[in-house]
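Both counts, for ligands and for their atoms, begin at 1 and track the order of listing. What you see is a predicted model, and the numbers here were worked out from it, not measured in a lab.
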Amino acid sequence: MEYSEAQKIIEECEKKANKEFTALNEIALENQKRVLDAFRRHKISAMHFHGTTGYGYDDVGRDTLAKLFADVFGTESAIVSPLIANGTHALSLALFGLLSRGDTIVSIAGKPYDTLDEVINGENIGSLKDIGVGYGQVDMTEEGEFDKKCIKTLLMEKKPKVVFIQRSKGYLWRDALSVEKIAEIICFVREISPFSYIVVDNCYGEFTEKKEPTHVGADVCIGSLIKNAGGGIAPTGAYICGKNECIDMIARRFTAPSLGLEVGSYLSGYLPFYQGLFLAPSTVKNALMGNVLSGYVFEKLGFETMPKPGSMPYDIIKSIRFNTAEQLVSFVQRIQKLSPVDSYVTPEPWDMPGYTHPVVMAAGTFVQGASLELSADGTVREPFVAYMQGGLTYEHCKLALTEILAEMG
Ligand SMILES: *Cc1c(COP(=O)(O)O)cnc(C)c1O
């Protein structure tokens, strides 16, 4: 269709999204206040932004950043560091810190994110399984609910040291978990298994609601700084927030037993991490507004999406189900074309290590692979689902969706 016609439809879609937009503004305001109050309480000033060298003893920027995150996430303690390579590394650190030989981890929200498969169950690569940690899993029901009956049985049977919950939908065709739902299941788990640590993979979930899982009883929550919590500014790193007892155990693995959080320098300084956390509530809101708008746009184009139009998003991913491989690939290519970086590049489906089918990815991002920036990917096989996430600005999402509508409509 004509671009001008697409613009008109986008405006109609925006009107339909009014209720969700209002709610998202309210969420962002509350989160911004919580973050701002934490900055004021910790008396953040320019001295916190400086880098350090060598051992990094008394690195006030590093230590205060951790306190700031702990405050925002409502926990006793935190590890926040550019030295953690990515989300998978942070999750792996946390699990290896909390679990040892003879312990068990039970995932109660289905299969964890793909990159954790090998961390948990890999063979002869130093996985949790290799060091003698058991694993159990309960899938969500077809209606997308926790399967309480199975959870109860497995918890009583396995007595797990760690109960694991993934908040985001990841690559599963389900809705992300609301914090309310997480709160309810935490109460349920505590009754049956009071001595388990409840660990939440919080990737993609931060600041999508007014509370985080750690505000409603999770012992530990973990996320990447090139997703939500870095605000689109942090160049690398991850965070682990939680109870003192848990963070102490994890800190021994992060550096070395007895060194814990006393060491670790970073010459470039911490400015983008502070600034990123400050911006995160607003950047996440922009991405979520783009997510909501895209639901109405793809409905117009006749494609099914998750979350469905009219419902609130609980993470920054929009899953879109196309009918053919061509539609999927061409959608991802359009996202690339509409990116601020490498817009002239055409992504092609590609055999990636660890995947059985070719994968196509658009990542025209400032920070390599940063998915709080507008990006998309999909595996080229039925049911031809694309995962679109991010958007640093709502306007970028809107422009991209207008072009996609004009070209596909
Ligand atoms: C991104 C993500 C991870 C892994 O993070 P990486 O930074 O890509 O290693 C884990 N879990 C979920 C739900 C994620 O979205």
Side-chain angles (χ1 to χ4, degrees), residues 79-96 105 107-122 127-128 137 139-140 144 162 164-179 181-182 199-209 212-213 218 220-232 234-241 254 273 276 280 284 287-288 291 306-307 313-319 352-355 359 361-363 365 367-379 385-390:
I79 303 172
V80 186
S81 178
L83 306 179
I84 304 178
N86 56 22
T88 306
H89 184 194
L91 285 155
S92 177
L93 272 175
L95 297 181
F96 275 91
I105 170 174
S107 172
I108 59 168
K111 190 176 114 29
Y113 199 69
D114 294 39
T115 58
L116 290 178
D117 286 351
E118 296 283 291
V119 173
I120 297 172
N121 282 318
S127 66
L128 288 172
Q137 175 180 315
D139 291 332
M140 307 285 291
V162 167
F164 188 81
I165 302 170
Q166 180 180 304
R167 180 177 179 184
S168 156
K169 64 177 87 59
Y171 292 111
L172 301 172
W173 188 265
R174 68 153 163 96
D175 251 331
L177 303 171
S178 67
V179 171
K181 226 178 217 181
I182 293 175
V199 176
V200 176
D201 175 353
N202 207 29
C203 285
Y204 282 138
E206 301 91 346
F207 303 119
T208 58
E209 294 187 74
E212 301 298 330
V220 179
C221 83
I222 298 152
S224 162
L225 293 182
I226 65 165
K227 295 179 180 173
N228 303 20
T236 185
Y239 74 86
I240 305 170
C241 291
F254 171 46
F273 303 96
V284 169
L288 292 175
N291 181 307
M306 183 73 85
Y314 299 128
D315 67 13
I316 62 163
I317 308 174
K318 179 66 100 187
S319 316
M352 293 233 311
Y355 290 82
V359 175
M361 287 189 183
T365 56
V367 171
Q368 188 191 89
S371 41
L372 180 54
E373 301 185 39
L374 187 61
S375 49
D377 58 83
T379 303
V385 176
Y387 302 90
M388 180 175 76
Q389 55 267 315

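- With hydrogens and angles disregarded, no donor-acceptor distance shorter than 3.5 Å links the side chain of Ser375 to the backbone of Ala363.
- Counting the atoms of ligand 1 from 1 in the order shown, those under 4.0 Å from a heavy atom of Gly87 are 5 (O), 6 (P), 7 (O), 9 (O).
- A distance-only check finds a donor-acceptor pair linking the side chain of Lys318 to the backbone of Pro307 [under 3.5 Å].
- The shortest N/O to N/O separation between Thr88 and ligand 1 falls below 3.5 Å.
- In His89, neither the side chain nor the backbone holds a heavy atom less than 4.0 Å from any atom of ligand 1.
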Take Lys169 and Asp315 through the test salt bridge (charged side-chain N to carboxylate O under 4.0 Å, His left out) and record every step on the way to the result.
-> CA-CA 8 Å; Lys169 64 177 87 59; Asp315 67 13; 2.6 Å; yes
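- Aromatic ring pairs are classed by plane angle as parallel below 30°, tilted from 30° to 60° and perpendicular above 60°; the pair Tyr113 and Tyr171 is parallel.
- At the top of the distance list for atom 10 (C) of ligand 1, counting protein heavy atoms only, stands Tyr113 CD2, 3.2 Å.
- Protein heavy atom in closest approach to atom 13 (C) of ligand 1: Asp201 OD2, 3.4 Å.
- With Glu373 contributing its side chain and Val367 its backbone, the two residues share a donor-acceptor pair below 3.5 Å.
- Interface atoms of ligand 1 facing Leu91, defined by a heavy-atom separation under 4.0 Å, are 10 (C).
- Considering backbone and side-chain atoms alike, Ser168 places every N or O at 3.5 Å or more from each N or O of ligand 1.
- The OG atom of Ser224 sits 12.5 Å away from atom NE2 of His89, with the distance rounded to the nearest 0.5 Å.
- For atom 2 (C) of ligand 1, the closest non-hydrogen atom of the protein is Lys227 NZ, 2.4 Å.
- Contact annotation: for Asn86 versus ligand 1, heavy atoms closer than 4.0 Å belong to both the backbone and the side chain.
- Near Gln166, with a cut-off below 4.0 Å to any heavy atom, the atoms of ligand 1 are 13 (C).
- Judged purely by atom type and a 3.5 angstrom limit, Asn228 has no side-chain atom pairing as donor or acceptor with the backbone of Leu372.
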